S.K.: 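Once you've had a glance at the structure underneath, I'll fire off some questions.
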Amino acid sequence: MGRSEKALELVYPAGFFGEVYRIAAGIPTGKVATYGQIAAMLASPRSARVVGWAMRACPEGLNIPCHRVVNKAGELAPDHVFGGAEVQRAYLLAEGVTFLDDGRIDMKRCMWMPSGA
DNA sequence: ATGCTGACAGGAG
DNA sequence: ACTCCTGCCAGCA
């Protein structure tokens, strides 16, 4: 592996959290992924909560777009994190994510589909 | 070691 | 569509 990859090995935590961060880092701009979706990618479809927890512990130094990870209903994180859901929504809007009239993300349009459409 | 917690999800009523 | 209940599993006291 190249030097940059080795650097990532050093930066990303080992184990489940590290895998979560690695995947989250791959979410393209303008798209969002769900906790359960990421859990499924890790072959642990029952670990959605752990994914959410990993996001909460999100190391800011890694440049992880944790605002692009939402629940399956397309709802943003509660106000006690992120400095308010408004902040998260502003980030997503700036990236081109579209919202429905009820304030939820238009998941049908913006959910990340790594395996192709 | 034991028990509680949580940025979730799926099924049942 | 909404609420309630249960399963999950890594950290932390």
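We name chains A, B, ... by the order of the sequence lines, and we start the count at 1 in each one. As the structure is a prediction and not an experimental result, all values here were calculated from the model.
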S.K.: State whether the number of non-hydrogen atoms from other residues, nucleotides or ligands found under 6.0 Å of Phe99(A) atom CZ is greater than 12.
M.R.: yes
S.K.: For DNA chain B, which residues in residues 34-47 of chain A have a heavy atom at a distance below 4.0 Å?
M.R.: Thr34(A), Tyr35(A), Gly36(A)
S.K.: Quick one: Ile64(A) CD1 to dA7(B) C1', roughly how many Å, whole number?
M.R.: 14 Å
S.K.: Send over the distance from His80(A) NE2 to dG6(B) P, rounded to a whole Å.
M.R.: 9 Å
S.K.: Check the distance between dA9(B)'s P and Arg49(A)'s CZ and give it to me in whole angstrom.
M.R.: 11 Å
S.K.: Return the nearest nucleotide to the side chain of Ala77(A); candidates are dA9(B), dA7(B), dG11(C).
M.R.: dA7(B)
S.K.: Measure the distance from CD on Glu75(A) to P on dA1(C) and round it to the nearest whole Å.
M.R.: 12 Å
S.K.: Assuming nearest nucleotide by heavy-atom distance, tell me which of Trp53(A) and Ala48(A) is located more 5' along DNA chain B.
M.R.: Trp53(A)
S.K.: Categorize Cys66(A) for me: base, sugar-phosphate, or nothing, with a 4.0 angstrom heavy-atom threshold over every strand shown.
M.R.: base
S.K.: Categorize Phe82(A) for me: base, sugar-phosphate, or nothing, with a 4.0 angstrom heavy-atom threshold over every strand shown.
M.R.: base
S.K.: Give, for atom CG of Leu93(A) and atom CD of Glu86(A), the distance between the pair rounded to the nearest 0.5 Å.
M.R.: 9.5 Å
S.K.: Hey, what do you get for OG (Ser47(A)) to OH (Tyr35(A)), rounding to the nearest 0.5 Å?
M.R.: 15.0 Å
S.K.: What pair of heavy atoms forms the shortest contact from Val69(A) to Ala24(A), and how long is it?
M.R.: CG2-CB, 4.5 Å
S.K.: Specify the residues of residues 89-104 of chain A, ordered by number, for which at least one heavy atom lies under 4.0 angstrom from an atom of DNA chain B.
M.R.: none
S.K.: Side chain of Lys72(A) only, please: which of dA9(B), dA10(C), dC8(C) is the nearest?
M.R.: dA9(B)
S.K.: Within 45 degrees of the axis of the six-membered ring of Tyr12(A) and under 6.0 Å from its centre: does Arg22(A) put its NZ or CZ there?
M.R.: yes
S.K.: Roughly how many Å is it from CE in Met55(A) to P in dG11(C), rounded to a whole number?
M.R.: 13 Å
S.K.: If I take atom CD1 in residue Ile105(A) and atom C1' in nucleotide dA7(B), what distance separates them, rounded to the nearest angstrom?
M.R.: 12 Å
S.K.: Any carboxylate oxygen within less than 4.0 angstrom of a Lys/Arg side-chain nitrogen, looking at Arg68(A) and Glu95(A)?
M.R.: yes
S.K.: When you check the gap from the basic side-chain N to the acidic O, do Asp102(A) and Arg104(A) get nearer than 4.0 Å?
M.R.: yes
S.K.: Quick check: are there more than 12 heavy atoms from other residues, nucleotides or ligands sitting under 6.0 Å from NZ of Lys72(A)?
M.R.: no
S.K.: Between the side chain of Gln88(A) and the main-chain N/O of Leu76(A), is any donor-acceptor distance below 3.5 Å?
M.R.: no
S.K.: Please determine whether any donor N or O and acceptor N or O are separated by less than 3.5 Å between the side chain of Arg56(A) and the base of dG6(B).
M.R.: no
